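In what follows, chains carry the letters A, B, and so on, assigned in the order in which the sequence lines appear, proteins first and then strands, with residues in each chain numbered from 1. As the structure is a prediction and not an experimental result, all values here were calculated from the model.
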There are 2 protein chains.
Amino acid sequence: MGVRQAQKQQSRRALLDAGLHLLEHQNLSGLGVREVTRAAGMSPAGFYRHFRDLAELGVVLVEESLASLHGLIRGALAEQGEAAELIDRTVELIAGHVREHRAYVRFLARERHGGVQPVRAAIAAELARFADEVAEALGAQSESAGWSAADVRMLAELYVDHMVATAVAFLDADGPATEERIAGTARTQLRLISVGRRHWRDV
Amino acid sequence: MGVRQAQKQQSRRALLDAGLHLLEHQNLSGLGVREVTRAAGMSPAGFYRHFRDLAELGVVLVEESLASLHGLIRGALAEQGEAAELIDRTVELIAGHVREHRAYVRFLARERHGGVQPVRAAIAAELARFADEVAEALGAQSESAGWSAADVRMLAELYVDHMVATAVAFLDADGPATEERIAGTARTQLRLISVGRRHWRDV
DNA sequence: TCATTCAGTAAACAACTGTTTGCTGACTCG
DNA sequence: CGAGTCAGCAAACAGTTGTTTACTGAATGA
């Protein structure tokens with residue numbers, strides 16, 4: 001890639017970073033083009049060399065956010081071991097992810113039901129793909145013998161929803177103490193679901 | 001109440017209604033004072049006779065939203081009967097509530113993690129109070145014998161989170177078919193949790 | 001009845017906003 | 001080298017914004 005392209009990419013990155021930073025305390029629908037370019041050290045007109053809209057910038061941020069989340073899910077599904085310790089590790093994985101990608105997670109939580117339709121649609125589509133992935137992994141496990149595809153799918157959705165809810169809860173933790181309380185709650189809830197799963201066919 | 005006060009209340013209502021209506025397709029942080037007064041048929045300056053801020057208006061909307069949700073929870077907890085049919089009725093209750101209070105539910109979903117801190121805090125506080133209420137009701141049930149207070153509390157949080165997630169899912173339903181699919185998923189998930197609850201102490 | 005209160009107004013304020021325009025100057029490539 | 005590309009800029013556009021000001025006129029209550 002030439003110097004020209006590299007410089008352009010750098011500016012684009014600056015815009016995305018400035019946007020992500022501003023969105024930590026603000027909604028996408030309340031963000032302004034001038035605000036972003038100012039924070040990125042660029043003139044307002046420059047923005048349009050990279051994005052048509054702020055919505056377009058938002059969609060790119062969604063893709064980046066969910067790419068990182070994707071890694072998290074892959075990691076959690078790849079784990080092996082006893083159910084209890086698997087749960088512990090999953091929750092710790094989520095906590096770590098939130099610590100490292102705080103801005104992305106906050107952005108996702110804020111815009112998942114936010115006022116910008118294309119962004120909302122992008123998030124919903126990606127989360128649905130995650131549920132597919134989790135469903136596939138669950139279906140391959142021995143505990144799912146005798147489960148219908150629909151039931152596996154709803155279990156996957158329950159897990160994804162719970163993961164998102166837990167991540168969002170971690171966001172608002174104001175110290176290690178509350179963080180541990182949230183982790184404890186999440187673990188117990190996962191354990192409850194796991195018990196339900198084990199006795200699913202005894203009804 | 002005198003004619004004077006009644007007229008003032010009416011204007012206030014008009015502002016709240018206009019705000020709620022505009023917030024169906026928009027974020028609170030993207031809303032403008034002028035926009036609201038225009039929709040309410042009032043001059044911009046009139047707004048300040050009723051609210052200091054748009055955030056203040058938002059907090060009032062939160063209180064109204066959660067007052068209606070409160071009725072829903074009371075209703076669900078008061079239900080009696082077999083677990084399976086109880087679940088069916090609860091999910092139907094949620095679906096009905098979303099149909100009747102669509103704008104309020106959308107507003108809650110949007111601002112729960114939105115960019116306006118006081119509104120976010122108000123929602124979080126009210127949801128925590130709901131969890132308290134649910135926890136109390138659960139603790140009084142015979143199925144909770146031998147459960148620690150902390151475990152009952154986490155179960156209550158799981159139920160509240162799930163209720164909110166289900167309500168939000170209903171919002172995006174684009175027809176009776178998807179609505180029924182969402183209801184089905186919610187029912188199965190609740191059934192799974194209920195199975196887990198029944199076998200909680202067998203671990 | 002008549003002074004007082006006060007919800008709502010119109011007008012003005014300075015400070016923004018998104019977007020387009022023509023331009024410049026550094027990179028690209030034949 | 002020299003023509004062409006194109007990222008970023010300054011300036012201008014016509015609107016919009018939140019908030020304050022002094023005001024009006026209907027409801028109030030002695």
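- A:Thr185 and B:Arg153 form no side-chain donor-acceptor contact under 3.5 Å, judged by distance and modelled atom types alone.
- Between A:Arg38 and B:Gly46, the residue anchored nearer the 5' end of DNA chain C, judged by the nucleotide with its closest heavy atom, is B:Gly46.
- Direction change of the helix axis from one end of the helix from C:dT1-D:dA30 to C:dA12-D:dT19 to the other is 10°, with five pairs defining each end axis (rounded to 10°).
- Side chain to side chain, A:Glu126 and A:His70 fail the donor-acceptor criterion of an N or O pair below 3.5 Å.
- Spacing between atom CZ of A:Arg12 and atom C1' of D:dC6 amounts to 17 Å, rounded to whole angstrom units.
- For the residue pair B:Gln189 and A:Glu157, no side-chain donor N or O sits within less than 3.5 Å of a side-chain acceptor on the partner.
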Exercise. When you check every protein heavy atom under 4.0 Å of nucleotides 19-30 of chain D, what one-letter string (B, S, -) results, 5' to 3'?
Worked result: BB------BS--

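- Residues A:Arg112 and A:Val164 come closest through the heavy atom pair NH1-CG1, 3.5 Å.
- When the P atom of D:dA7 is taken as reference, atom CG of A:Leu15 falls 13 Å away, rounded to whole Å.
- Looking at B:Glu24 and B:Arg102, no side-chain N of the basic residue comes within less than 4.0 Å of a carboxylate O on the acidic one, giving no salt bridge.
- Across A:Glu92, A:Glu85, A:Glu180, a single residue satisfies salt bridge (charged side-chain N to carboxylate O under 4.0 Å, His left out) together with A:Arg187, and that is A:Glu180.
- Between the CG atom of B:Leu31 and the C1' atom of D:dT17 there is a distance of 12 Å, given to the nearest Å.
- If you measure from atom CE of B:Met42 to atom P of C:dA10, you get 12 Å, rounded to the nearest angstrom.
- Atom-to-atom, CD of A:Gln9 to C1' of D:dA7 comes out at 12 Å; the value is rounded to the nearest Å.
- For B:Arg12 and B:Gln7, the side-chain atoms include no donor-acceptor pair closer than 3.5 Å.
- Straight-line distance from the CZ atom of B:Phe51 to the P atom of C:dG8: 11 Å, rounded to whole Å.
- Considering every non-hydrogen atom in both B:Gly81 and B:Leu86, the closest pair reads O-CD1, 3.6 Å.
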